[in-house]
Protein chains: 2
Amino acid sequence: MTDTRESGTRSRTRRAILAAAASVLARDRGATLAAIASAAQIGRSTLHRYFSDRQDLVNAAVVDSFRVVEQSTAEAAIDQGPPLEAMRRLIAALVDAGDRLAFLFGDPRVLEEFTDCFEPDLSVPTTVGLIERGQAEGVFDPGVSAEWIQQVLWALTYTGWEAAEKGLLPRHGVAAAVTRAFESGMVVSPAHS
Amino acid sequence: MTDTRESGTRSRTRRAILAAAASVLARDRGATLAAIASAAQIGRSTLHRYFSDRQDLVNAAVVDSFRVVEQSTAEAAIDQGPPLEAMRRLIAALVDAGDRLAFLFGDPRVLEEFTDCFEPDLSVPTTVGLIERGQAEGVFDPGVSAEWIQQVLWALTYTGWEAAEKGLLPRHGVAAAVTRAFESGMVVSPAHS
DNA sequence: TGAAAATGAGACACCTAAGTCCCATTATGG
DNA sequence: CCATAATGGGACTTAGGTGTCTCATTTTCA
């Protein structure tokens, strides 16, 4: 699966670059390659040795971030247990991968360009799958599409990450705030006008 | 308040530029000035006659978008009537101003740079004011800060706009979907684990 | 320890967007 | 109808990021 032909050093450097790219680009999409290299604590020349193009780097960062988020999702075991609890685990996992999610979610066009040429790993349970399971069990709102619920999930998670970034929320309270917002919204009493 | 020293023609052109800038930049932050000028159906030279700098244009677009959103907020009369219904009017208004809101909300750094040097118009009722009023009346969740609720409001509205952009939601259903998500979240039954 | 791998710093040319003028043309308004 | 405002298109320069290359230095590993 992972490249066995790549030396340990190179592999480590590559990871550092991809992580830095996601982190920096999440906060500033127009960030310079020099800025990314600096964040990764490497020289700009070295960056070019790993990724010829800027586009090449962005592509790789997207794929890698996908992989990381997918990994987090997988570790949340969202295909097991009650959907509601699975969702809570998923939210916690997504918040932990905040940088990567912010990078993927932050730019509307990044995702679009890749949803086409991406064949999802079928061995990994999907977020939409969890949502549909929850809808079937009557836990998640069946009145809207699963994709919309997924969008809301990502948006809330991203917002929580951003709020923590700017100090609006404490780091340790993000997952709880997002979960609360996702599950019951912002209105206290059942409000039927 | 508005420039009376500016001719009708210039005023109209200026508005067109600002609207185009918000619309284009909302969808692509790195968009060229030529692209913005093209979207405004004017020449690039003309754009430079109105805004010397790119930064100048962006600043003006932010200020203008603020004004438009503020205007929409004001027309929603959010300081009158039950908070819940006021919020529904506000959401509808924000969705209508989707372009501008997406532009303001889309870039985390745009807002930060301006919150400092911005003195809010005190004659206009504020969103946070509405939220705090609702919290005081026990309608909105008093367990979290008003600012966080505002962030969630904006995030959901933005997500609704974006979903409509990519065809995930029908245009006429955005306000309803956002309102529903804001008020009751995505979970059907009252879920107390 | 010695060879190979990996890196950093810098020099360099290139390209694109940005910003500045200029001039001919069109639209506006008294 | 005419003076003037407003515009569009194009030429031009500038600035900054990008991509390529070289060479000296450091690190890794057998």
Side-chain angles (χ1 to χ4, degrees), chain A residues 2-64 103 106-110 113, chain B residues 2-64 103 106-110 113:
Chain A
T2 51
D3 276 358
T4 55
R5 67 186 173 218
E6 197 170 48
S7 96
T9 306
R10 280 190 73 84
S11 175
R12 235 175 303 118
T13 303
R14 178 180 295 272
R15 289 172 187 276
I17 295 176
L18 290 175
S23 174
V24 170
L25 292 177
R27 291 167 180 80
D28 177 12
R29 295 177 199 179
T32 301
L33 292 187
I36 296 174
S38 169
Q41 293 181 311
I42 61 166
R44 196 169 67 93
S45 336
T46 303
L47 194 156
H48 277 289
R49 283 194 188 90
Y50 286 78
F51 305 98
S52 62
D53 240 270
R54 178 190 180 92
Q55 193 58 38
D56 190 24
L57 171 62
V58 173
N59 289 0
V62 170
V63 172
D64 180 64
F103 166 58
D107 193 341
R109 308 185 319 161
V110 168
E113 294 175 12
Chain B
T2 51
D3 277 0
T4 56
R5 68 187 172 217
E6 196 169 48
S7 97
T9 305
R10 278 191 73 85
S11 174
R12 235 176 303 118
T13 303
R14 179 179 295 272
R15 289 172 187 276
I17 294 175
L18 290 174
S23 174
V24 170
L25 291 176
R27 293 167 177 80
D28 177 13
R29 294 175 198 178
T32 302
L33 293 186
I36 296 174
S38 168
Q41 293 182 311
I42 61 165
R44 197 169 65 93
S45 338
T46 304
L47 194 156
H48 277 288
R49 283 194 188 91
Y50 286 79
F51 305 98
S52 60
D53 241 87
R54 179 191 179 91
Q55 193 58 38
D56 190 24
L57 171 61
V58 173
N59 289 0
V62 170
V63 171
D64 181 65
F103 167 59
D107 193 342
R109 309 186 317 159
V110 168
E113 294 174 12

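Numbers restart at 1 for each chain; the letters A, B, ... are given by sequence-line order, proteins then strands.
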Comparing Arg44(A) with Gln55(B), nearest DNA chain C nucleotide closer to 5' gives the residue Arg44(A)
Closest-nucleotide ordering on DNA chain C, the 5'-leading residue of Ala31(B) and Gly8(B): Ala31(B)
Looking at Ala34(B), is its backbone amide N or carbonyl O close enough to the side chain of Ser38(B) to form a donor-acceptor pair, meaning the two atoms are under 3.5 Å apart? no
Quickly work out the [X] [atom1] to [N] [atom2] distance and round it to whole Å.
X: Arg54(B); N: dT16(C); atom1: CZ; atom2: P; value: 17 Å
X: Asp56(A); N: dT18(D); atom1: CG; atom2: P; value: 14 Å
X: Asp53(A); N: dT20(D); atom1: CG; atom2: C1'; value: 12 Å
X: Ile36(A); N: dG17(D); atom1: CD1; atom2: C1'; value: 12 Å
X: Phe51(A); N: dT18(D); atom1: CZ; atom2: P; value: 15 Å
X: Leu57(B); N: dA17(C); atom1: CG; atom2: P; value: 16 Å
X: Ile42(A); N: dG8(C); atom1: CD1; atom2: P; value: 6 Å
X: Leu47(B); N: dG9(D); atom1: CG; atom2: C1'; value: 14 Å

Is there a side-chain polar atom (N or O) of [X] under 4.0 Å from OP1 or OP2 of [N]?
X: Ser45(A); N: dG8(C); value: no
X: Ser52(A); N: dG19(D); value: no
X: Tyr50(B); N: dT7(D); value: yes

[X] side chain: which of [options] is closest?
X: Thr9(A); options: dT28(D), dA9(C), dT7(D); answer: dT28(D)
X: Arg10(B); options: dT18(D), dA6(D), dG19(C); answer: dA6(D)
X: Leu33(B); options: dG19(C), dT18(D), dT7(C); answer: dG19(C)
X: Arg49(A); options: dC23(D), dG19(D), dT20(C); answer: dC23(D)
X: His48(A); options: dG8(D), dG19(D), dG19(C); answer: dG19(D)

What one should report as the nearest heavy-atom pair of Arg109(B) and Arg27(A) is CD-O, 3.3 Å
What closest approach, in Å, do Asp56(A) and Phe51(A) show between heavy atoms, and which atom pair accounts for it? OD2-CA, 3.6 Å
4.5 Å side-chain heavy-atom contact, Asp64(B) and Arg14(B): no
How about Ile17(A) and Leu57(A): do any of their side-chain heavy atoms sit closer than 4.5 Å? yes
